[in-house]
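Lettering of chains follows the sequences in order, A, B, ..., and the numbering in each one begins at 1.
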Amino acid sequence: MGALGVLIFIVLICLCAPLYAHYWAHVNPFSSNISGRIFINGHWRSVIQSNSTGYGESPIGPTWHINNYFLGADSQGRDVFARLLYGGRDSLLIGTASALICVFFATISGLAAGYFGGVIDWIVSRMLDITWAFPVYLLAISLSVILVTAGFSVGPIHVQAGSLLLPIIIIALIYVPYVARPLRGIVMTLKEREFIQAAIGSGASDWRILRKEILPNVAPSIIVFFPLMVAFNMLTESALSFLGVGVQPPNASWGTIINDGLELLYTRPWVAMAPGLMIVITAGALNLLGDGFRDAFDPKAKLRGSI
Amino acid sequence: MPDSPILSVQDLQVTFATRQGPLRAVDGLSFDVAPKEVVGIVGESGSGKSVSMYSVLGLVRDANVQINGSVKFQGREILGLSDQEMQPIRGGEIGMIFQDPMTALTPVYTVGWQIAEQLRAHSGMTKQQARERAIELLGEVGIPDPRKRVDRYPHEFSGGMRQRVVIAMALSCNPKLLIADEPTTALDVTTQAQILDLMLKLQDSYNSSIVIITHDMGVIAEMAHKVVVMYAGRPAEIGPEIDVVRNPRHPYTWGLLGAVPRVESRNDRLTTIPGNAVSPLDIPEGCAFADRCEYRMDICTKRPQLKGTNSHLDACWLSDEQRLTIRSKAVR
Amino acid sequence: MLSFSLRRILSAVLVLFAISIAVFLIFFATPGVDPAARIAGRSASPATLAHVRAAFGLNRPIFIRYLLMMDHLFIKRDLTSYVNVGLKVVPQVLKAAPITLALVSGAAVIWLVVGIFGGIIAAANRGKFIDPLVMFIGIAAVSVPAYWLGEVVNLITQSRLHSSLFSWVPSGGYTPFTQNPWQWALHLLFPWLTLAALYAGIYARVLRAELVNAMNEDYVRTARAKGLSERRILIRHALRCSLVSIVSLFGLDFGALIGGAALLTEVVFGLQGVGMLTYTALQNLDLPVIMACVLYGSFFVVLANAVVDILYAFLDPRVRVA
């Protein structure tokens with residue numbers, strides 16, 4: 001329950017960021033503000049200051065004033081806290097949307113393979129095998145390298161380079177086998193059960209059996225998998241963004257902010273620490289939620305080994 | 001006392017705390033097992049017969065279980081002993097045979113290894129000695145070519161053969177008492193008879209007492225000296241086998257005996273006990289069987305005590321005359 | 001057993017073949033972009049482009065292109081980076097591999113020990129406070145992005161506490177084992193711990209779940225009725241049976257990490273392994289290198305899959321006959 005509360009809180013503060021963030025930040029979190037100045041503790045201070053050593057410059061550190069560079073600035077002089085909230089929107093969006101797409105395709109392929117068997121099962125299973133055999137990150141990276149920088153167009157579908165859709169689709173697709181494989185197994189055992197056999201014997205159409213008998217029975221497992229997949233996908237997104245092949249500027253996500261903070265790690269650690277903490281808390285809450293769902297709906301659900 | 005009992009169970013109560021309230025799995029079970037005696041515990045599934053015997057060995061691992069009463073093994077109280085204190089008794093003094101031989105053996109070890117493991121846990125045998133003894137035991141329980149079979153894995157045996165392995169294991173340390181939990185239920189009919197014969201034969205040579213749990217009156221008639229009939233966790237009737245089978249006193253026992261197909265019976269139809277076994281979550285205050293009983297009376301809302309003559313006891317409000325009338329009507 | 005292994009290896013080879021096609025298609029047949037421009041890198045001269053077209057047969061049918069590519073990769077092994085001119089790709093990968101291997105093997109030892117120990121402790125103490133505690137630490141470990149954890153470690157050991165507690169920590173990089181085993185271990189210690197944290201969390205959780213299931217199995221009841229000690233039941237019976245799934249998990253994870261999944265840890269700690277090679281190539285959009293790295297990675301994942309299945313048969317006698 002605590003996990004759910006934390007999760008709702010994070011989702012709310014991130015989703016509502018456009019409503020209040022500018023009151024706090026006073027600057028656009030997406031455009032650089034190198035020459036900006038802020039009034040803090042009775043002094044005007046530059047957002048980017050020269051180092052005391054005289055070499056180079058560093059952004060202002062955390063002011064701990066909620067409405068004024070709470071967590072300091074990044075090297076572009078942007079308010080880290082505001083970026084954190086906006087970045088959370090993208091991280092959560094990508095995590096959730098890709099989990100939805102992933103579970104959707106996984107359910108279709110898992111159900112089709114498990115229920116129809118035969119040629120369909122063979123084809124789907126081989127495709128899953130091959131995707132499975134790729135190192136997940138490398139597959140995501142290769143797809144991202146090709147697609148994210150150049151965009152994608154097939155026939156009428158045209159996705160622009162740098163669009164958020166690209167990481168969503170890529171992350172969704174690479175994890176399909178993780179969900180589809182256990183679902184296929186569940187459907188195969190379900191199919192042997194009396195009530196399904198009875199439905200088949202009574203001449204119900206495949207579509208009806210899938211919809212009315214099979215789907216309700218795999219739904220608990222899907223519910224258990226979903227929060228785990230969101231957590232998984234968020235972590236993957238952050239890793240891809242960290243590597244520069246996920247979310248593209250000017251958009252931000254927690255992963256890209258960690259990447260921004262890498263060069264400031266020893267001087268202004270909060271730039272990298274804060275988004276990492278957000279990821280840990282969110283993913284941790286999602287995992288706890290998954291555990292709770294598992295206990296409540298389907299104690300036997302297994303995703304990747306036994307998690 | 002000429003024959004002090006090997007096992008003496010007094011007023012055993014097993015209660016599980018569940019979300020729907022306390023679940024009385026066993027309620028007031030008492031019986032003795034004399035040396036070399038075969039006691040049969042019979043009842044429908046859910047009647048608490050297995051749970052009661054698991055409690056005796058401390059094998060009920062539920063955290064929400066409460067076990068009261070007394071279980072004396074060779075005069076020593078063993079209820080409530082720690083796992084460590086129970087270790088020499090389990091497998092050493094009391095052997096156990098389980099219902100499903102398919103899952104009772106650890107799949108990743110050879111049968112010989114598993115028998116030897118038990119031998120080595122209870123005696124100072126070397127690996128080699130334990131292995132030789134395991135081969136002997138496999139031979140005794142009728143496994144052909146035991147020297148070769150000793151290195152096979154459980155999945156390479158048939159159900160009946162696996163049950164023989166389990167029996168060999170249970171007997172390996174010459175236990176004083178053997179508890180057999182539905183040892184033949186999972187097997188096909190021909191194998192069932194063989195396993196029962198084997199158990200009787202071994203009981204003879206090993207001089208052990210047996211408690212056999214079953215829902216099959218046929219098994220009781222073949223094996224038991226004494227019968228405990230259980231319903232909804234309570235003993236309904238206890239007595240010598242010959243009395244209980246020839247002259248059953250409790251309506252539930254009548255039902256159980258009627259449920260056994262008999263070749264000499266003129267009645268082609270199988271009589272069954274009407275209704276379903278009572279849910280252990282809401283056992284009535286009075287007689288637990290009352291709801292399904294044809295001869296229910298007003299007084300049945302009060303709980304009957306076990307009473308009777310000599311060693312034949314039953315828990316029913318019917319008077320002797322009533323029973324006589326009912327039974328004489330039944331014999332057409 | 002032998003025929004089982006042979007069949008498994010054959011299917012692994014088939015999967016590898018399929019993967020090479022998939023990789024080839026991702027890099028050379030995605031619609032929309034000129035593959036020659038991709039291979040040659042950003043701002044390549046027309047001469048280079050022409051050279052690339054000829055070398056990879058880009059105007060010839062697609063299966064010829066595939067064969068040419070495989071020829072460059074495996075037979076001639078002369079695939080060259082056009083970004084870092086003249087750099088041969090295959091030797092680069094082979095040079096980086098031992099570093100990745102050292103990183104992953106060390107981490108694997110740590111996470112197996114910690115994970116298995118944690119799982120056993122949690123399962124053995126079910127119902128006491130230590131079980132949820134271990135599980136909570138496990139959840140925390142699986143929720144931390146590995147690269148970020150690496151940064152936290154760097155921040156603490158290299159900056160904040162470097163002058164006091166962690167003055168002995170070397171400043172990143174790698175020392176070969178043959179040169180100085182002590183420095184080798186010292187350089188790898190924190191990368192090992194960082195990489196191991198996530199997997200230790202996963203394994204502790206998986207093993208606990210498996211053990212709890214196993215402890216409800218009939219054979220555990222039998223073992224208890226045999227008069228074995230609780231410790232022996234847990235270790236020799238429940239753990240031994242749960243090990244099967246741990247081993248299969250381990251094989252897959254180990255393969256994936258050797259295959260490049262450790263790249264984030266390598267990047268954060270400046271280890272010049274295969275992952276780092278991929279990362280650098282990514283920064284420069286150096287396609288030939290990326291492609292070689294991906295294929296190299298898949299090779300280890302497929303190999304690990306095959307080894308796992310064969311090991312599985314060793315561990316679980318029931319699989320052998322099937």
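For A:Leu277, the parts lying under 4.5 angstrom from a heavy atom of chain C are both the backbone and the side chain. Using a 4.5 Å cut-off between heavy atoms, C:Ile290 contacts chain A through its side chain alone, with no backbone atom that close. With a 4.5 angstrom heavy-atom cutoff, C:Leu263 touches chain A only via side-chain atoms. Of the atoms belonging to C:Phe299, not a single heavy atom falls under 4.5 Å from chain A. If you measure heavy-atom distances from A:Ala231 to chain C, you find no contacts under 4.5 Å at all.
Most heavy-atom pairs under 4.5 Å with chain A, from the set C:Asn154, C:Val15, C:Leu149, C:Leu257: that is C:Asn154. Note: C:Pro145 leads C:Pro145, C:Ala256, C:Ala141 in heavy-atom pairs under 4.5 Å with chain A. Between chain A and the options C:Gly275, C:Ala18, C:Cys293, C:Gly297, heavy-atom pairs under 4.5 Å are most frequent for C:Gly297. Of the residues considered (A:Ser238, A:Ala239, A:Gly276), A:Gly276 shows the highest number of contacts with chain C, using heavy-atom pairs under 4.5 Å. Taking chain A as the reference chain and counting heavy-atom pairs below 4.5 Å, the highest number among C:Val23, C:Ile19, C:Val267 is found for C:Ile19.
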Hey, mind stepping through C:Leu155 and A:Met273 against side chain to side chain contact (heavy atoms under 4.5 Å, CB included) and telling me if it holds?
CA-CA 10 Å; C:Leu155 178 64; A:Met273 290 300 108; 4.1 Å; yes

Before giving the answer on side chain to side chain contact (heavy atoms under 4.5 Å, CB included), spell out for C:Leu264 and A:Phe242 the whole-Å C-alpha distance, their side-chain angles and the decisive distance to 0.1 Å.
CA-CA 9 Å; C:Leu264 292 158; A:Phe242 174 75; 3.7 Å; yes

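Contact detail for A:Leu288 and C:Ile139: the closest heavy-atom pair is CD2-CD1, 3.4 Å.
Between the CG atom in A:Asn287 and the CZ atom in C:Arg205 there is a gap of 6.0 Å [rounded to 0.5 Å]. From C:Ser143, atom OG reaches atom CG of A:Leu235 across 7.0 Å, with rounding to the nearest 0.5 Å.
Under the 3.5 Å distance criterion, the side-chain polar atoms of C:Tyr147 are left unmatched by any main-chain donor or acceptor of A:Leu243.
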